Amino acid sequence: MSENSALLLIGEIYIDFTLPTTGTSSKLRLGGIIHAARGLWAINASYAVAAICPRYLVDQARHFLQELQCSNFIWLGEVKGAPNVMVIRDPLEIGDQNYEDLLLEEKYCEINDGEANLENYSSCLIFPGKYNIGDLKNILADKAQISIDIAYDIPDIDILSPFSGQISALITSTSSRFFLERASDDISALLNCLRHLSPDVVLLKENRGGSRVFDLRTDQGDEVPALLGQTTNSVGVGDVYSAVFTYLISTDVFGAAWKAARAATCYAQTTYPDDFRRDVQRSLALTVEQMRDLGGTNLSWHVRRLFPIYFAAPDFSYIDRTYIEEVINALNYHNFLLRRPIQENGELNPNSAEHHMHKIYAEDLNILSQCAVVFALPLGRDPGTLIEMGVAIANKKPLVTYDPLQENANTMVIVGSTVYSSNLDICLNGLFDVLSKLQAGNP
């Protein structure tokens with residue numbers, strides 16, 4: 001297949017180093033745009049790579065990409081001042097605090113624009129990074145169709161203006177700084193902000209809540225559900241989504257999103273390439289119509305706060321707050337409206353007057369009645385938490401119980417909970433599923 005028909009991936013190559021966790025060993029693998037390359041390899045796509053990386057990674061990356069059926073490897077630029085090593089604290093979690101780009105402040109990139117010839121490629125997907133994305137304008141074909149994953153660092157959206165008129169897709173996610181600053185409260189703000197760049201399509205990836213696709217040429221849109229299962233890895237999942245979507249976009253915009261979402265789901269469930277490719281081939285054997293019929297979980301970023309969540313937990317200042325902060329951070333990250341009765345109504349002490357206790361009791365129950373779901377963390381078999389769980393069950397209010405220490409594994413708690421697990425990932429999936437059903441009117 002000619003270079004002209006291959007999708008060109010442009011971006012940085014990293015070494016991903018995942019720190020060991022309880023029950024898992026450390027893991028070292030090539031990352032950055034290599035994640036996107038794995039996605040294209042899994043669907044037997046024709047693609048090439050223009051990589052920006054340290055000199056020491058060039059030969060290894062070239063050899064590895066040959067194994068992934070990359071048709072051409074171009075060393076586009078050199079990373080200097082840093083090793084391009086990304087330290088990952090937990091492969092199941094996402095968010096800025098989970099990653100550390102070593103020596104980031106010392107890092108800079110030099111584009112080999114005099115040596116790189118990218119004019120033979122009519123389609124490319126750019127993953128921005130520490131390099132100057134404007135330098136690419138002069139080395140890409142004038143009529144190349146360009147897709148850009150702006151979920152990565154874009155200090156100013158206007159730096160993309162030179163590409164206006166040749167942008168096929170702009171892709172972002174709800175975890176990107178751009179989205180959080182510009183469109184956290186209103187999706188129309190995102191679309192209005194991007195229209196001046198004249199993209200054909202905008203794709204918004206919303207993590208466990210699915211994704212939304214907007215064809216700005218026809219003003220049509222589509223919602224693609226998430227397929228929630230056991231997550232093994234969150235690193236590079238969005239890159240796979242972007243790459244597969246961009247490769248397939250010319251045939252069917254919305255169908256491309258449905259297929260890309262399934263490929264990304266497969267990537268989240270294993271870090272073994274052969275298993276990933278096998279699962280993708282099986283999943284994409286379905287037609288888009290069959291995928292639609294199977295459905296999934298839809299819970300967009302902007303509707304999540306319409307479903308308040310009551311936090312039933314010993315949310316006190318004087319206890320070990322490790323698990324409590326874990327839950328709070330996770331729910332805030334996903335833009336849920338978390339109601340914390342102890343924080344809102346006050347923390348009682350053993351000497352509190354009875355009338356004060358009655359007042360707090362009534363106020364706590366009032367908050368619970370206003371919430372759509374109860375998320376319980378019954379640490380130490382806290383009696384107040386267990387009673388709040390009982391109230392939720394009695395009122396047929398969905399109850400998600402996270403029991404990390406497995407202190408409450410009894411029939412009433414397990415059966416009474418809509419979701420019960422000692423695994424936070426399973427509880428988060430369950431919460432998204434419960435709220436997705438509530439939104440659809442199927443509690």
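As the structure is a prediction and not an experimental result, all values here were calculated from the model.
Proximity of Val419 to Asp433: side-chain heavy atoms (C-beta onward) are nowhere separated by under 4.5 Å. Looking at heavy atoms from C-beta onward, Asn84 lies out of side-chain contact with Ile13 at the 4.5 angstrom threshold. Counting heavy atoms from C-beta on, the side chains of Val413 and Pro378 never come closer than 4.5 Å. Residues Leu379 and Ile324 form a side-chain contact, since some pair of their non-hydrogen atoms from C-beta on lies under 4.5 Å apart. Under the 4.5 Å side-chain criterion, counting only non-hydrogen atoms from C-beta, Glu388 is not in contact with Val374. Considering only heavy atoms from C-beta on, Leu190 comes within 4.5 Å of Phe178 through its side chain. The closest side-chain heavy-atom distance from Ile33 to Asp239 is not below 4.5 Å.
Within 6.0 Å of atom CG in Asp142, 12 or fewer heavy atoms from other residues, nucleotides or ligands are found, so the atom counts as exposed in its surroundings. Enclosure of atom CG in Asp185 is not indicated, since only 12 or fewer non-hydrogen atoms of other residues, nucleotides or ligands lie within 6.0 angstrom.
For the residue pair Thr322 and Asp320, a side-chain donor N or O sits within less than 3.5 Å of a side-chain acceptor on the partner. One side chain, Tyr241 or Ser211, offers a donor N or O that lies under 3.5 Å from an acceptor on the other. Inspection of the Trp258 and Asp252 side chains reveals no N or O donor paired with an N or O acceptor under 3.5 Å. A donor-acceptor contact closer than 3.5 angstrom is absent between the side chains of Thr271 and Asn233.
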(message) The test is side chain to side chain contact (heavy atoms under 4.5 Å, CB included); show your working for Leu216 and Val202 and say whether it passes.
(response) CA-CA 7 Å; Leu216 301 189; Val202 172; 4.0 Å; yes
(request) Please lay out, stage by stage, how Ile52 and Glu110 fare under the test side chain to side chain contact (heavy atoms under 4.5 Å, CB included). (result) CA-CA 8 Å; Ile52 301 160; Glu110 292 183 353; over 6 Å; no
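Residues satisfying the ring pair (Phe, Tyr, Trp, His ring centres under 6.0 Å) test with Trp301, not counting sequence neighbours, are Phe179. Listed by chain and number, the residues in a ring pair (Phe, Tyr, Trp, His ring centres under 6.0 Å) with Phe276 are Tyr267 (sequence neighbours excluded). Applying the side chain to side chain donor-acceptor pair (under 3.5 Å) rule to Thr251 yields no partners; only residues at least two apart in sequence or on another chain are considered.
Using a cutoff of 4.0 Å between basic side-chain nitrogens and carboxylate oxygens, Asp219 and Arg195 are scored as salt-bridged. Checked for salt-bridge contact, Lys130 and Glu12 miss the test: no charged N lies under 4.0 Å from a carboxylate O. Using a 4.0 Å cut-off between a side-chain N of Lys or Arg and a carboxylate O of Asp or Glu, Arg262 and Asp279 do not qualify as a salt bridge. Salt-bridge annotation for Arg278 and Asp274: absent, with no side-chain N of the basic residue lying under 4.0 Å from a carboxylate O of the acidic one.
Trp41 and Pro273 get closest at one heavy-atom pair: CZ3-O, 3.4 Å. Heavy atoms only, all atoms of each residue included: Leu284 and Lys259 are closest at CD1-O, 3.7 Å. Summarising the geometry of Tyr402 relative to Asn423, their closest heavy-atom pair is CE1-C, 3.9 Å, with the distance given to 0.1 Å. Looking at every heavy atom in both residues, Ala82 comes nearest to Leu102 through CB-O, 3.6 Å. Summarising the geometry of Pro83 relative to Pro54, their closest heavy-atom pair is O-CG, 3.6 Å, with the distance given to 0.1 Å. Counting all heavy atoms, side chain and backbone alike, Val434 lies closest to Pro398 at CG1-CB, 3.5 Å.
Exactly one of Leu194, Ile126, Ile148, Ile146 qualifies for a side-chain contact (heavy atoms from CB on, under 4.5 Å) with Leu160. That residue is Ile148.
The side-chain tip of Lys397 does not point at the ring of Phe307 from less than 6.0 angstrom away and within 45° of straight on.
A tilted orientation is assigned to the rings of Phe375 and Phe311, their planes being inclined by 30° to 60°.
Not less than 6.0 angstrom separates the ring centroid of Tyr47 from the ring centroid of Tyr121.
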